[in-house]
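Working notes, structure below.
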Amino acid sequence: MKSFWILKVRNVDYMKVKDLYDRLDETIPSSLSCEWDNDGLMCCPDPDREVRRVLLTLDVTQAAAEYAEEKGFDAIISHHPLIFRPLPSLISRKLIRLVRNNITVMSFHTRLDKLDNGVNRVLAEKIGITDASAFSEEGIGLIGTLEEPIMPELFCERIKKSLGCPVLELVTAGLPCSRIAVVGGDGKDCLSDAVRAGCDTYLTGSMSYNSLIDASEIGINIIAAGHFFTENPVLEKIEQIIKTIDRGIRCELFDCNVVKMV
């Protein structure tokens with residue numbers, strides 16, 4: 001007599017797009033976003049779509065959208081907004097591709113800059129600062145102290161190794177780097193607040209040439225390590241947040257950097 005085994009497969013309840021966004025919105029609240037910003041739920045063809053795979057990227061580039069389609073991702077989460085300014089018409093191949101393939105996009109921009117555990121906390125810890133606190137009224141940027149002072153050129157080598165940036169810009173005042181202010185991305189608007197907070201070194205992603213020239217007269221060290229390289233590490237923090245929400249969601253980090261040093 002033959003024996004038959006009956007295998008009962010348990011139904012797995014996957015989180016829906018709208019539920020994932022709601023949970024992320026609780027953790028990274030829109031109340032932190034700057035008034036001029038446009039982030040949040042950027043593109044949502046079907047809020048009831050189940051989320052099994054999420055692509056994490058700093059920018060939703062054309063390549064990121066194509067990769068998400070090719071690999072079957074349900075959602076993309078980015079730092080920079082997919083849509084920043086109002087669209088006069090819907091002619092973007094990227095947006096049309098995302099809608100056609102039912103791929104949701106969520107962007108967490110300045111709210112992630114201001115979040116205590118966000119962009120600048122990750123950046124500070126990457127370069128060896130563990131006691132960082134906010135220094136500007138707007139809440140963007142942290143200041144803290146290195147365990148031991150280090151000369152600017154050596155500090156730059158540490159930053160390149162920690163962030164993976166091939167080159168950076170340095171305006172040195174000849175001071176040891178000890179009290180460090182950090183602002184991921186474009187940090188020219190926070191420089192004066194950082195100086196008032198007592199930093200001897202200001203680390204940011206990018207500043208214009210004129211801003212660097214003006215900053216050279218302030219008497220502090222200025223380091224611009226690249227917009228992409230100072231913000232991209234936060235993607236790992238977003239992955240950690242998603243895992244606390246639903247460990248069943250698979251995340252993948254996408255390198256969207258199209259600016260190459262040659």
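Side chains included, hydrogens not; waters and symmetry mates left out as well; all remaining heavy atoms used. Source: prediction; values computed, not measured.
In this structure, the side chain of Y202 engages the main chain of G187 through a donor-acceptor pair within 3.5 Å. Between the side chain of N101 and the backbone N or O of I103 there is no donor-acceptor pair closer than 3.5 Å. For D59 (side chain) and T61 (main-chain N/O), no donor-acceptor pair under 3.5 Å exists by modelled atom type. Between the side chain of R53 and the main chain of K71, a donor-acceptor pair closer than 3.5 Å is present. Checking side-chain atoms of S211 against main-chain N and O of M207 turns up no donor-acceptor pair under 3.5 Å. Of the possible donor and acceptor atoms, none in the side chain of N102 sits under 3.5 Å from a partner among the backbone N and O of D74. R111 places a side-chain N or O within 3.5 Å of a backbone atom of I28 that can act as its donor or acceptor partner. Between the side chain of N120 and the backbone N or O of D113, at least one donor-acceptor pair lies under 3.5 Å. Looking only at distances, no side-chain donor or acceptor of D37 sits under 3.5 Å from a matching main-chain atom of S33. The main-chain N or O of V60 is found under 3.5 Å from a side-chain atom of K94 such that the two form a donor-acceptor pair.
Side-chain contact between M151 and C177: absent, with no pair of heavy atoms (C-beta onward) separated by less than 4.5 Å. Between L142 and R121, some side-chain heavy-atom pair lies under the 4.5 Å cut-off. Between K160 and F229, the closest side-chain pair of non-hydrogen atoms is not below 4.5 Å. When side chains are defined from C-beta on, F254 does not count as touching L58, because their heavy atoms never get closer than 4.5 Å. Between E50 and D19 the shortest side-chain heavy-atom distance does not fall below 4.5 Å. Taking 4.5 Å as the limit, some side-chain heavy atom of R97 sits within range of a side-chain heavy atom of E66. With a 4.5 Å cut-off on side-chain heavy atoms, D189 and I140 do not count as touching. Here the side chains of I76 and T104 are not in contact, with every heavy-atom distance at 4.5 Å or above.
The hydrophobic clustering, which links ILVMFWY residues whose side-chain heavy atoms are closer than 4.5 Å, places L41 and V105 apart. In terms of hydrophobic clustering, with Ile, Leu, Val, Met, Phe, Trp and Tyr side chains grouped at heavy-atom distances under 4.5 Å, L112 and L235 are assigned to a common cluster. F84 and M42 fall into different hydrophobic clusters, where Ile, Leu, Val, Met, Phe, Trp and Tyr residues are linked whenever their side-chain heavy atoms come under 4.5 Å apart, directly or through other members. In the hydrophobic clustering of ILVMFWY residues, with side-chain heavy atoms under 4.5 Å counting as a link, V119 and L168 come out apart. The cluster map of Ile, Leu, Val, Met, Phe, Trp and Tyr, joined by side-chain heavy atoms under 4.5 Å apart, puts L253 and L20 in the same cluster.
Judged by distance alone, the side chains of K243 and Q240 never bring a donor and an acceptor atom under 3.5 Å apart. Checking S78 against T57 by side-chain atom types alone, no donor-acceptor pair falls below 3.5 Å. Between the side chains of D39 and S107, no donor N or O sits under 3.5 Å from an acceptor N or O.
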* To do: Evaluate side chain to side chain contact (heavy atoms under 4.5 Å, CB included) for F228 paired with V259, printing each intermediate quantity in order.
  => CA-CA 9 Å; F228 174 84; V259 181; over 6 Å; no
* Asked: For L56 and E252, what are the C-alpha separation, side-chain angles and deciding distance, and is it a side chain to side chain contact (heavy atoms under 4.5 Å, CB included)?
  -> CA-CA 6 Å; L56 304 176; E252 183 177 332; over 6 Å; no
* Asked: T145 and T130: side chain to side chain contact (heavy atoms under 4.5 Å, CB included), yes or no, with the steps?
  -> CA-CA 8 Å; T145 307; T130 57; over 6 Å; no
* Step by step, would you call L82 with L98 a side chain to side chain contact (heavy atoms under 4.5 Å, CB included)? -> CA-CA 11 Å; L82 170 67; L98 292 167; 4.1 Å; yes
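The minimum heavy-atom distance linking V17 with C44 is given by the pair CG1-SG, 3.8 Å. Shown here for D200 and P176, the closest heavy-atom pair between the two residues is OD1-O, 3.4 Å. Pairing each heavy atom of I143 with each of G198, the nearest pair is CD1-C, 4.3 Å. The two residues I127 and F155 make their nearest non-hydrogen contact at CD1-CZ, 3.9 Å. For the residue pair L90 and I96, the shortest heavy atom distance occurs at O-CD1, 4.1 Å. A pairwise comparison of heavy atoms in A225 and C165 identifies O-CB, 3.6 Å as the closest pair.
To the nearest 0.5 Å, atom OH of residue Y67 and atom CD of residue Q62 are 16.0 Å apart. Within the model, atoms NZ of K114 and OG of S136 stand 8.0 Å from one another, a figure rounded to the nearest 0.5 Å. Here the CG atom belonging to L115 is positioned 6.5 Å from the CG atom belonging to L32, to the nearest 0.5 angstrom. A distance of 7.0 Å separates CG of L163 from CG of L203, quoted to the nearest 0.5 Å. Of the inter-residue distances, the one linking C256 atom SG with H80 atom NE2 reads 8.5 Å to the nearest 0.5 angstrom. Here CG of D186 is found 4.0 Å from OG of S206. Values are rounded to the nearest 0.5 Å.
No option in T201, L123, I223 other than L123 meets the side chain to side chain contact (heavy atoms under 4.5 Å, CB included) test with V182. Under the side chain to side chain contact (heavy atoms under 4.5 Å, CB included) rule, L191 has a single partner from I220, D214, V183, T204, which is I220. For the side chain to side chain contact (heavy atoms under 4.5 Å, CB included) test with P152, the passing option among N221, L175, V171 is N221; the others fail.
Residue I91 places its CD1 atom among 12 or fewer non-hydrogen atoms of other residues, nucleotides or ligands, all under 6.0 Å distant. Few gaps surround CD on E153; more than 12 heavy atoms of other groups in view lie less than 6.0 Å from it. Atom NZ of K126 is surrounded by 12 or fewer heavy atoms from other residues, nucleotides or ligands within 6.0 Å. With a 6.0 Å radius and a threshold of 12 heavy atoms from other residues, nucleotides or ligands, R49 has its CZ atom above the threshold.
Classification of K237 and E239 as a salt-bridged pair fails, no side-chain N sitting under 4.0 Å from a carboxylate O. Using a 4.0 Å cut-off between charged side-chain N and carboxylate O, D193 and R196 make a salt bridge.
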